[in-house]
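Below is one structure, written out as structure tokens; the observations come after it.
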Amino acid sequence: MHTLPETGYLRLSQIIGNPKADPPQPPIIPVSKSTWWDGVKAGRFPAPVKLGPRITAWRVEDIRDLLRQWGS
């Protein structure tokens, strides 16, 4: 079970998991990278926030809201 911080940002690998990481990172939302980006484009998943020219992240609050919507 994941424990998300109250506020902050999550990188994509933290959301969809990374089995190649050491130790492997389990997914919060088990979808592929392309499915995630398709969902962002279609509005099913929250829009990312650009923190820098090469850093994209998602607000923890947005991911919590998504999980809450799916749970209800």
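Quick caveat: nothing in here was measured; it's all calculated off a predicted structure. Both backbone and side-chain heavy atoms feed into the values below; hydrogens, waters and symmetry mates do not.
Across all non-hydrogen atoms, the minimal contact from Glu6 to Val60 is O-CG1, 4.2 Å. When all heavy atoms are compared, the tightest approach of Tyr9 to Ala57 is CB-CB, 3.8 Å. Across Arg54 and Arg11, no two heavy atoms sit closer than the pair O-NH2, 4.2 Å. Summarising the geometry of Pro24 relative to Pro19, their closest heavy-atom pair is CB-O, 3.8 Å, with the distance given to 0.1 Å. Nearest approach of Arg44 to Leu66, heavy atoms of both residues: O-CD1, 3.6 Å. For Val40 against Pro48, the heavy-atom pair with the smallest separation is CG1-CD, 3.7 Å.
Criterion: ILVMFWY side-chain heavy atoms under 4.5 Å apart, direct or through other members. Under it, Phe45 and Leu4 are part of a common hydrophobic cluster. By the criterion of side-chain heavy atoms lying less than 4.5 angstrom apart, applied directly or through intervening Ile, Leu, Val, Met, Phe, Trp or Tyr residues, Val31 is grouped together with Leu67 in one hydrophobic cluster. Residue Val49 is grouped with residue Ile55 when hydrophobic side chains (ILVMFWY) are merged at heavy-atom distances under 4.5 angstrom, including chains of intermediate members.
Between the side chain of Trp58 and the backbone N or O of Pro46, at least one donor-acceptor pair lies under 3.5 Å. When atom types are taken as modelled, the side chain of Arg64 and the backbone of Arg59 share no donor-acceptor pair closer than 3.5 angstrom.
One finds a salt bridge joining Arg68 and Asp65 here, because a Lys/Arg side-chain nitrogen approaches an Asp/Glu carboxylate oxygen to under 4.0 Å.
Interatomic distance, NZ of Lys20 versus CD of Gln25, reported as 14.0 Å (0.5 Å rounding). Separation of atoms CD (Gln14) and CD1 (Ile63) is listed at 10.5 Å; rounding is to 0.5 Å. We find the CD1-CD1 distance between Ile16 and Ile29 to be 10.0 Å, quoted to the nearest 0.5 Å.
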